[in-house]
**Student:** 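Starting off with a structure, shown below.
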Amino acid sequence: MSDTFHTPASVDPRLLEVLVCPVTRGKLTYDREHQELVSKGAKLAYPIRDGVPIMLPEEARKLD
């Protein structure tokens, strides 16, 4: 674990294989710096809180 909040330093690649964007059903990429899963198709970044991906569109950050 990487810090006092036990946020993982990376996301298990197997998790990225099964998780998809709930909006586009497309592939997600992991943004380590921001601790987010990014959907380029939907232009959304889903947060990872306490090691758990929050896959709700209303919780996602809009990307430019």
Side-chain angles (χ1 to χ4, degrees):
M1 299 292 168
S2 65
D3 58 27
T4 57
F5 294 106
H6 303 293
T7 303
S10 65
V11 172
D12 186 335
R14 294 175 292 180
L15 184 62
L16 285 176
E17 288 177 15
V18 295
L19 283 179
V20 295
C21 173
V23 175
T24 65
R25 302 285 186 235
K27 185 175 181 176
L28 298 166
T29 57
Y30 175 58
D31 181 339
R32 182 177 180 172
E33 180 181 341
H34 293 105
Q35 289 294 302
E36 297 173 324
L37 295 176
V38 176
S39 170
K40 291 180 183 178
K43 296 186 179 178
L44 294 172
Y46 299 95
I48 299 173
R49 297 186 189 131
D50 297 322
V52 178
I54 309 300
M55 303 303 296
L56 301 170
E58 58 270 14
E59 292 287 325
R61 179 173 64 88
K62 293 181 182 179
L63 301 174
D64 295 330

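What you see is a predicted model; the values in this text were computed from it and never measured. For reference, positions follow the sequence shown, starting with 1. Just the heavy atoms: all of them, side chains too, but no hydrogens, waters or symmetry mates, feed the values below.
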**Student:** Can you confirm whether E33 is buried at CD, in the sense that more than 12 heavy atoms of other residues, nucleotides or ligands lie under 6.0 Å from that atom?
**Tutor:** no
**Student:** If the test is side chain to side chain contact (heavy atoms under 4.5 Å, CB included), which one of E36, H34, Q35 qualifies with R32?
**Tutor:**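 Of all the options given, the one that passes is Q35.
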**Student:** Evaluate the criterion side-chain contact (heavy atoms from CB on, under 4.5 Å) for residue pair K27 and K40; output intermediate values, then yes/no.
**Tutor:** CA-CA 8 Å; K27 185 175 181 176; K40 291 180 183 178; over 6 Å; no
**Student:** Partners of A60 by side chain to side chain contact (heavy atoms under 4.5 Å, CB included), sequence neighbours excluded?
**Tutor:**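 Applying side chain to side chain contact (heavy atoms under 4.5 Å, CB included) to A60 gives L44, Y46.
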**Student:** Which heavy-atom pair separates P53 from L19 by the least distance, and what is that distance?
**Tutor:** CG-CD1, 4.0 Å
**Student:** Starting from I48, can I reach V23 by hopping between I/L/V/M/F/W/Y residues whose side chains sit under 4.5 Å apart?
**Tutor:**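 Linked, V23 and I48 end up in one cluster.
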**Student:** How close do L28 and S39 get, counting heavy atoms only, and between which atoms?
**Tutor:**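 For L28 versus S39, the nearest heavy atoms are CD2-CB, 3.7 Å.
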**Student:** Does the pair L16 and L37 meet the rule for a side-chain contact (heavy atoms from CB on, under 4.5 Å), with working shown?
**Tutor:** CA-CA 9 Å; L16 285 176; L37 295 176; 3.5 Å; yes
**Student:** Any chain of hydrophobic side-chain contacts (each under 4.5 Å) joining M55 to V11?
**Tutor:**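 M55 and V11: one cluster.
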**Student:** Please enumerate all residues that pass salt bridge (Lys or Arg N to Asp or Glu O under 4.0 Å) together with R25, with sequence neighbours excluded.
**Tutor:**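 R25 satisfies salt bridge (Lys or Arg N to Asp or Glu O under 4.0 Å) with no other residue.
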